[in-house]
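I have placed the structure first, in the form of structure tokens, so that the comments after it can refer back to it.
To find a chain, count down the sequence lines: A is the first, B the second, and so on, and within it residues start at 1. Keep in mind that what you see is a predicted model, and the values were worked out from it rather than measured.
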Amino acid sequence: MRFREVIGHRLKDALHRCGYVTDDVPLVLERPRLKEHGDIATPIALSLAKVLKKSPMEIAERVARELDFAQDEVSKIEVAKPGYLNLRVAHDQLLRNVRECRVEGDAYGATDIGKGARCQIEYVSANPTGPLVVVSARAAAVGSVIVNLLRSIGFAAEGEYYVNDCGNQVQALGKSLRFRLRERLGHLGAGEEIGAYPGDYLKAVAARVTASQAAGWDADNGTATAGYGDFATEHLLAVIKEDLRLFGVKFDNFFRESTLHPHTVEEARRIIEDNGHAYSDSGALYFRTTTFGDEKDRVLVKSDGNPTYFLGDIAYHLDKYRRGYKWVVDILGPDHHGHIPRMQAASSVLAGDKNWLKTLIVGWVRLLEGDRPLSMSKRSGEIITMRELIEDVGADVAKYLFLMRRSNTPLDFDLELARKQSDENPVYYVQYAHARIANVIRFAKTKLQKKQIESIDLSRLDSPEERDLMVQLLFFPSEVEAAALSFEPHRLTTYARELATLFHRFYHEHRIVTDDQEMSNARLYLVEATKQVLSNVLRLTGVDAPNSM
RNA sequence: GACCCCGUAGCUCAACUGGAUAGAGCACCGGCCUUCUAAGCCGGAUGUUGCAGGUUCAAGUCCUGCCGGGGUCGCCA
């Protein structure tokens, strides 16, 4: 059991012994901002004051008296000002935890609260009509870390990319590719237009089309674009996969929309109809999503008989539901927030619960070159692809900078700053701490006698800097849990920076390898635990933890 | 017009989801390397949390109304 849970249990027991019923009052545990307020605090007495009609101080005093901690768990219980209960973690508890970091190694921070439940995160899912751009990079960073986080708290989480490989846009893409091919061959007629996808990247695709392929596609009739469209889609999907690989993001599955047609799409339609949520109007079939809070009803089948994208998406979620996920997350681009109510309506009908589908919006990315914003319009030619971003600043830097901010807020990404390999760049601060420790360990090997780690005495690690560091290590698991459950990867980077700060401070204040073998071994032990946790946070964020810099 | 997101230090962002004196990084100024990595550490200034009300023991956080920025509102995908 994690330390935070221990605290929670002991508090609940104490509250129970006091006869306080706390079922509808959540037990909040927080890390106080000020050191004088201890290591962990709860305002529970303040929350209870109203219900119990007693003064918060009185409640807090009473609970404090009933609290039953072992000497080696909590060393001080304090009731403070308005009614806080402040706890100070015992030294022995901190030392035990430092050992735990080492013993558990890569698994330190992991829990099993997910109990193996299957869930799925769908992210990026950009149409294969061109290379991935910067917003997709942000989505890739955020989505992959959420998958990592959920796995580390015990969910069987899967990451999936939904590939829209059919529909009008494939036709349009085909038309543009046909233009590029005819351009290549010098067959362009006067007034012929490229259509929806004027980007240069289709030239590369056109270069791969052989004469016989083209002849086969054109044989249907002069305007058929299906062959071109499929060809372009496959090539661009391959490009996308390569972009993602370079970025270090791995999906468990690429799900193709085309596999849903026509069977699953039919079924999805029927489920909505059978549940009484569909009606016809002017030749089209509607889903009465307003029943579920949407602002207007949405078309499922157009009057020409073709399913809408929306119906396809419902079919996709029907498929997910049938795969048995306990819940799923859709990570959507900033221009898709309008889709949330209708997808929740679908979730309500398919799964009987609108919260089966959880959504998360990834905000816009604005690229800056120093102070100068880069124009993201396609016309300007300054549009930056994910590949260019990776080549420019590196995958680690890009990922880290994306992860530093809350994911739903708009983000300014300064390329000039990202490119700098200096202290201005926040990634290196954390990586440097890791590399620094690795170096100390190498140095220590040459100076210290080898010792069985179980026999190392840690009890002299009692300076303020050592204690602060150990407290930070202690709260790693609960930080992972909080980040995972709230889908907030940025908490990891915040935690990592704090941990790095505490380490650097400690390093500056105390020499690790000295003539005092006992003390050196103890400090080395602590520093190795710190290295382990730094490595664990960085692994969750998908960023490399270098051993030298 | 309707709906959604954002507004916090000069800049970029946090604030444990309603808790204590709103914190970091950058930039700026000053100090610290003959000993394990100075990509580091220490110190300094910076705030009416867009504005106005409201809810309560407690509001940057919740509710209402404004102001400013961005976005979405197809039988497109």
Distance-minimising heavy-atom pair for A:Ala64 and A:Ile77:
CB-CG2, 4.0 Å

Nucleotide of B:rC13, B:rA20, B:rA77 approaching A:Arg33 most closely (side-chain heavy atoms):
B:rA20

Quiz item: A:Asp335 side-chain donor-acceptor pair to B:rA77 base, under 3.5 Å
no

Between A:Lys445 and B:rC36, is there a side-chain N or O to OP1/OP2 distance below 4.0 Å?
no

Can you check the distance between B:rA77 and B:rA39, where both ends of the measurement are the C1' atom (answer in whole Å)?
46 Å

For nucleotides 39-42 of chain B, give me every protein contact, N/O to N/O, under 3.5 Å, one pair per line with atom names.
residue: B:rG40; atom: OP2; partner: A:Asp423; partner atom: OD2; Å: 3.4
residue: B:rG40; atom: O2'; partner: A:Arg436; partner atom: NH1; Å: 2.8
residue: B:rC41; atom: OP1; partner: A:Tyr429; partner atom: OH; Å: 2.4
residue: B:rC41; atom: O2'; partner: A:His508; partner atom: ND1; Å: 2.9
residue: B:rC42; atom: OP1; partner: A:Arg505; partner atom: NE; Å: 2.4
residue: B:rC42; atom: OP1; partner: A:Arg505; partner atom: NH2; Å: 3.4

Hey, does the side chain of A:Arg523 reach the backbone of A:Arg511 with a donor-acceptor pair shorter than 3.5 angstrom?
yes

Please name the nucleotide paired to B:rA20 by Watson-Crick or G-U wobble geometry with both distances under 3.5 Å, or report none.
none

Between A:Lys296 and B:rG74, is there a contact of a side-chain N or O with OP1 or OP2 at under 4.0 Å?
yes

State whether A:Asn168 places a side-chain N or O below 4.0 Å from either non-bridging phosphate oxygen (OP1 or OP2) of B:rA77.
yes

Per A:Glu36 side chain, nearest of listed nucleotides B:rU21, B:rC6, B:rA14
B:rU21

B:rC26: pairing nucleotide in any strand, Watson-Crick or G-U under 3.5 angstrom
B:rG10

Is the base of B:rC75 touched by the side chain of A:Thr308 through a donor-acceptor pair closer than 3.5 angstrom?
no

A:Asn408 has a side chain; which of B:rU72, B:rC6, B:rC36 sits nearest to it?
B:rC6

Short side-chain to backbone donor-acceptor contact, A:Thr259 and A:Phe255, under 3.5 Å:
no

Nearest to side-chain heavy atoms of A:Lys81, which nucleotide of B:rC36, B:rA20, B:rC57
B:rA20

Pick one: which of A:Lys76, A:Arg88, A:Arg467, A:Arg31 meets salt bridge (charged side-chain N to carboxylate O under 4.0 Å, His left out) with A:Asp39?
A:Arg467

Hunt down the Watson-Crick or G-U wobble partner of B:rC41, both distances under 3.5 Å, from any strand shown, or write none.
B:rG31

Would A:Phe413 and A:Phe402 count as a close aromatic pair, with their ring centres under 6.0 Å?
yes

From the candidates B:rA14, B:rC76, B:rU21, the one with an atom nearest any side-chain atom of A:Arg406 is B:rA14

For B:rG65, what is the paired nucleotide under Watson-Crick or G-U wobble rules, both distances under 3.5 Å?
B:rC51

Does B:rG23 have its OP1 or OP2 closer than 4.0 Å to a side-chain nitrogen or oxygen of A:Lys35?
no

Test item: A:Ser280 side-chain N/O and A:Leu285 main-chain N/O as donor-acceptor pair under 3.5 Å:
no

Can you find a pair of side-chain heavy atoms, one from A:Phe310 and one from A:Val299, that are under 4.5 Å apart?
no

Quick test of the criterion, 5.5 Å between centres and less than 30° between planes. Is A:His490 stacked on B:rA14 or not?
no

May I ask which nucleotide in the shown strands pairs with B:rG74, Watson-Crick or G-U wobble, both distances under 3.5 Å?
none

